[in-house]
Asker: 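I'd like to ask you about the structure that follows.
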Amino acid sequence: MSPRLRRLLIAAFLCIMTYGSRAAPVSVWIALSDMGGVYAEAAEALRTEVERVYPGRIEWRIASAAQLRQTRSEPQWVVAVGGSAQRAMQEHFAEDPTPPPLLVMLVPRLAFERLADPGRVRAGQVSAVYLDQPPARQLMLAQLAFPGLRSLGILLGAESRGQAASFEKAAREQGIRLNIQVVAGDGLFGALQSLLPEVDVLLATPDPAVFNSQTVANILAAAYRRRIPMIGFSPAYTRAGALLSLYSTPTQVGTRAGEMLRQALPGLALPPPQWPREFVVGVNQDVSRSLELNLVEAQLAQQLRQKERP
Amino acid sequence: MARFAGLLALSAAWAAGGALAQQAPVAEASEHGYFEDLPVVLSVSRLAQPLNEVPGAVTVIDRDLIRRSGAREVAEVLRLVPGFLFTRRNGANPVATYHGALDIYGARMQVYVDGRSVYSSFYLGDTHRGLQGVVLEDIERIEVLRGSNSASYGANAFLGVVNIITRHAADSHGGMVSLTRGDKGIDDGVARVGWAAGDVNLRLTASHRRDRGLDRVHDDSLLAQAHLRADWNPRPSDEVRLNAGSMRGRFGEGARPAATNPGNIERMIEWEDVYVNASWRRDLGDGGGLALHASYERDGYADRFPYATIPTIAIDNGGIGDRMEIGFQHTLGLAVRDRLVWGIEWRRETAQSQSFFFSNATFSVNRFRGFLNYEWRPHPQVVVNAGGLYENHNIIGDSFAPRLTANLHVAADHTLRAGMTSASRAPGLYELRGDTRFFSGGVLADWTFRSSGKVKAERVLSQEVGYLGRFRSLGLTVDGRAFVERMNDRIRFSGRTGVGVPNDAVNAPGPHIHGFEYQFDWQPTTTTRILLAEAHLRAASGRADEIIEVPHRSTTLSFIQQLMRGVDLSLISHSTTPFSWSGTNNVLDTPRQLDARLAWAFAVGATRGEASVTVQAVNGGHQEYVRANRFERRAFATLRLDF
């Protein structure tokens, strides 16, 4: 089916579906974890993406999750932006025998899976666009930036240790040797001391028990003393001194979520939860120079995209 | 001390360990981590300057290479650097020199340990004892700046600078013991403990090193030392470091009385040294920074013995020396990554020795230095370093050492460099104020030295071109350098014609040394590393004995191979063409040494260990320092545990 035909059919379907109600617009809530900031940015990107295809057909209610919970009416679709919005919306519709489908975005996979009902996810009633990057993409970037890479180090915490398997699977596929250390309790220092001598590059993972604003300075410093570069997961990492960062912006996540919502609007099931498709590669040029590397942001991102979608 | 605002001591010396051990707040994964701001940790002023932008040639020897070299002495490790010679005047006096065997104390290079200069001006200028005052297992890496560097480091950075950087205290938490036993009485031990007290990281290391030195030479030695390093980050932008330590040595000296050796009898020299060294650095952002450092060191020798043939003459070579230094450095980050570094430094060295100065007075040298370097980037592919150092020496007066260097990145990973600088070596206190007389029953028996105080600093004008290239697909790094070093005013002793007529320290025309040197560091596979360090030198001089002080070629070839997981083999061959150590008149016949080391790494629970066997001079031994001394094959085994 050509995209044009599909779009036509969907439009026709929407027309028929809304015929009896005098083309009443579809009501969509966008529940923000917090007003403004990255949440609003992602919500705006989602809205723009949907409006591009269905201009004026949606009745948007964009508000903080707390405000939306005061509302009496029930929407046809709910988008939750951020973890606390996901929690609030799930709680809000917990008693509802037919809760509206829920699309979550701007949450890490771990956080989403902790809250979401697996049954509803399987049924296409709940889905998400994660904030984190797929393990394969992270390893691919490491390999692109360091062609002679021998071993990549990963620190995981108690919560994220379950991700070890997916990193190892991706590493096997790409022929990279991984060295994964799980940090237990206050053992960050010991884990780092035994990990760093064994690896060429350190990959930061978004487990706040390991990487947080208090520990990052020390981890970065310890790694750099051994001239081991770090790959971070937000632009703040490259600013702080990580050589590279790989992340998706709220707009990129919001746009992807908009695409998913748009596909499901005609009454179809939500696509399964997925990683953001678009991403940004950041390079700290000062660190790159100091390590005598020649890394160019745009070039790395381009190569990474080509490897992912040849 | 980091004049190049980065490379030296910086990346290791800057503290940041602090809170590593502190408990992270318990938190669940959420999106907040992706959007929170982080403090800027690695700002330009804290980053190591890339080697291809340093105004000179640099060899870096890291911890791993030091361990795998099987060396027991820091000076021995320097054999891996092109242009370095290593010898032992006797087994208790290892020394490394750069570009020729012009002296036996390492007086023509500067040596820093964590930013503290260990150069002693007590006698004739000395770094060989200072090089012994650090435990190999504590070293993070050694950065050797090959080439004259008075423009950054002042007088005595005459032909090169050795920067020894010990591990950050946060990187050596836990315990470590290492025991070595072997031939020739080799008996070494190291014990270390590292811990965190609040946000201060500490490390305490104690070691002893004992051996019987060379065969048929009275040179047994025992060196015991203890070092403390503390690193503290009061704020993310500030780092404070404190080092303190103490060393004690007993060194065999002398020989059996003979016609050629009427008085220098066999005896033990006692040496003691204590030091404290503190530094503070602040990151000002935008590439700027402030640094303050201060150090104090005191050492003393005890060496009393009767003159063998005339026992009424009591000889006392003892003395006490003090060294203190305080310095300030300011780095300004300017537009387009240009950088201006300036600073001032004051250094005072004192010496007190009845026998060296024929006086109980304390003699002192005070130096004041001011330096400035501008790192200018007129083009993205060009870095120009222009600067100089002014030094006031209370005895020999003012001097200025300028430098101009340009690095041109001709292509990614390929840099050409050309530079010119002048440098000096200030006379030691003995050369300036020495007076040695021997009395027998109150009557002057001999007067061997009396300085007129007129001696000037040695000078060198150095020009070089260099190349640094990385061939990443091959795993190869190449560093080459061609140079002309025009030395002048070399300090010599002259005037003694017989008993009772003293020598004086005078300046003489120095040799011109020219040549080229290169190092290849090739890692063809992840388990193999091959290093070649070679220098080809020629000396031009009016003196035949000076020409042979510079070997035509010195080569170190190292082959380091991981045989299987945990099993490591290193083979290091060092050879030179015939040459003679200054003052010995003994041309050594092509010294050649092959060392082999086999190590097995293991782990028992959380304890990591390594057992190794090293055989030095596998090829059977060679002449050492003079033809009569031989360094014979010796083997030793080491067991090291980290827990």
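Here is the naming used below: chain letters follow the sequence lines, and residue numbers restart at 1 for every chain.
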Asker: Could you tell me which portion of A/Phe233 (side chain, backbone, both or neither) has an atom closer than 4.5 angstrom to a non-hydrogen atom of chain B?
Answerer: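 A/Phe233 touches chain B through backbone and side-chain heavy atoms alike.
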Asker: Where does B/Arg608 contact chain A at under 4.5 Å (heavy atoms): side chain, backbone, both or neither?
Answerer: neither
Asker: Any salt bridge between A/Glu292 and B/Arg470, counting N to O under 4.0 Å?
Answerer: yes
Asker: At a heavy-atom separation under 4.5 Å, does A/Ser160 approach chain B through its side chain, its backbone, both, or neither?
Answerer: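 The answer is neither part of A/Ser160.
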Asker: Would you give the length of the straight line joining atom OH of B/Tyr34 to atom OG of A/Ser245, rounded to the nearest 0.5 angstrom?
Answerer: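 The distance works out to 12.5 Å.
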Asker: With a 6.0 Å cut-off (strictly less than), is the heavy-atom count around CZ of A/Arg87, excluding the residue itself, greater than 12?
Answerer: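 Counting neighbours around CZ of A/Arg87, 12 or fewer heavy atoms of other residues, nucleotides or ligands fall under 6.0 Å, so no.
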Asker: Can B/Asp171 and A/Arg226 be counted as an ion pair, charged N to O under 4.0 angstrom?
Answerer: yes
Asker: Select one option (side chain, backbone, both, neither) describing which atoms of A/Arg150 are under 4.5 Å from chain B's heavy atoms.
Answerer: side chain
Asker: Please look at A/Gln285 and chain B and tell me whether the side chain, the backbone, both or neither of the residue comes under 4.5 angstrom of a heavy atom of that chain.
Answerer: both
Asker: What option among A/Leu196, A/Asp132, A/Asn284 has the most heavy-atom pairs under 4.5 Å with chain B?
Answerer: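 Highest number of pairs under 4.5 Å: A/Asp132.
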Asker: Which region of A/Phe112, side chain (C-beta onward) or backbone (N, CA, C, O), has a non-hydrogen atom less than 4.5 Å from a non-hydrogen atom of chain B, or is it both or neither?
Answerer: neither
Asker: Which atom names give the shortest non-hydrogen contact between B/Glu36 and A/Ala236, and what distance separates them?
Answerer: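 Smallest interatomic distance, heavy atoms only, reads O-CB, 3.4 Å.
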Asker: Go through the atoms of B/Asp413 and report whether side chain, backbone, both or neither lie under 4.5 Å from a heavy atom of chain A.
Answerer: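 When you check distances to chain A, atoms from both the backbone and side chain of B/Asp413 fall under 4.5 Å.
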Asker: Can you confirm whether more than 12 heavy atoms, excluding those of B/Trp195, are under 6.0 Å from its CH2 atom?
Answerer: yes
Asker: For each of A/Gly241, A/Pro108, A/Gly83, A/Ser234, tally heavy-atom pairs with chain B at distances under 4.5 Å, and name the one with the top tally.
Answerer: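 Looking at each of A/Gly241, A/Pro108, A/Gly83, A/Ser234 in turn, A/Pro108 comes out on top.
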Asker: For B/Phe35, is it the side chain, the backbone, both, or neither that has a heavy atom closer than 4.5 Å to a heavy atom of chain A?
Answerer: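 Interface part for B/Phe35: side chain.
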Asker: Give, as side chain, backbone, both or neither, the part of A/Pro206 having an atom under 4.5 angstrom from any heavy atom of chain B.
Answerer: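 Contact with chain B: backbone and side chain both.
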Asker: If you take all heavy atoms of B/Pro39 and A/Ser213, which pair is closest and at what distance?
Answerer: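 So the two residues come closest at CD-O, 4.1 Å.
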Asker: Under 4.5 Å heavy-atom distance to chain B, tell me which part of A/Val287 shows up: side chain, backbone, both or neither.
Answerer: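 Interface part for A/Val287: both.
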Asker: If you look at every heavy atom in A/Gly82 and B/Glu31, which pair is closest and at what distance?
Answerer: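 For A/Gly82 versus B/Glu31, the nearest heavy atoms are CA-OE2, 3.4 Å.
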Asker: Quick check: does any side chain N or O of A/Tyr224 sit under 3.5 Å from a backbone N or O of B/Leu47, one acting as donor and the other as acceptor?
Answerer: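 A pair under 3.5 Å: no.
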Asker: By a 4.5 Å heavy-atom criterion (distance strictly below it), what part of A/Arg109 contacts chain B: side chain, backbone, both, or neither?
Answerer: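 Looking at A/Arg109, nothing touches chain B.
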Asker: Locate the shortest heavy-atom distance separating A/Ala111 from B/Ser30; write the atom from each residue and the value.
Answerer: CB-CA, 4.4 Å
Asker: Checking side-chain contact (heavy atoms from CB on, under 4.5 Å) for the pair B/Glu140/A/Arg225: CA distance, chi angles, key distance, verdict?
Answerer: CA-CA 9 Å; B/Glu140 178 70 48; A/Arg225 280 199 295 272; 5.8 Å; no
Asker: Heavy-atom distances under 4.5 Å only: say whether A/Tyr39 touches chain B with side chain, backbone, both or neither.
Answerer: side chain
Asker: Do B/Arg472 and A/Leu293 come within less than 4.5 Å of each other through their side chains, counting heavy atoms only?
Answerer: yes
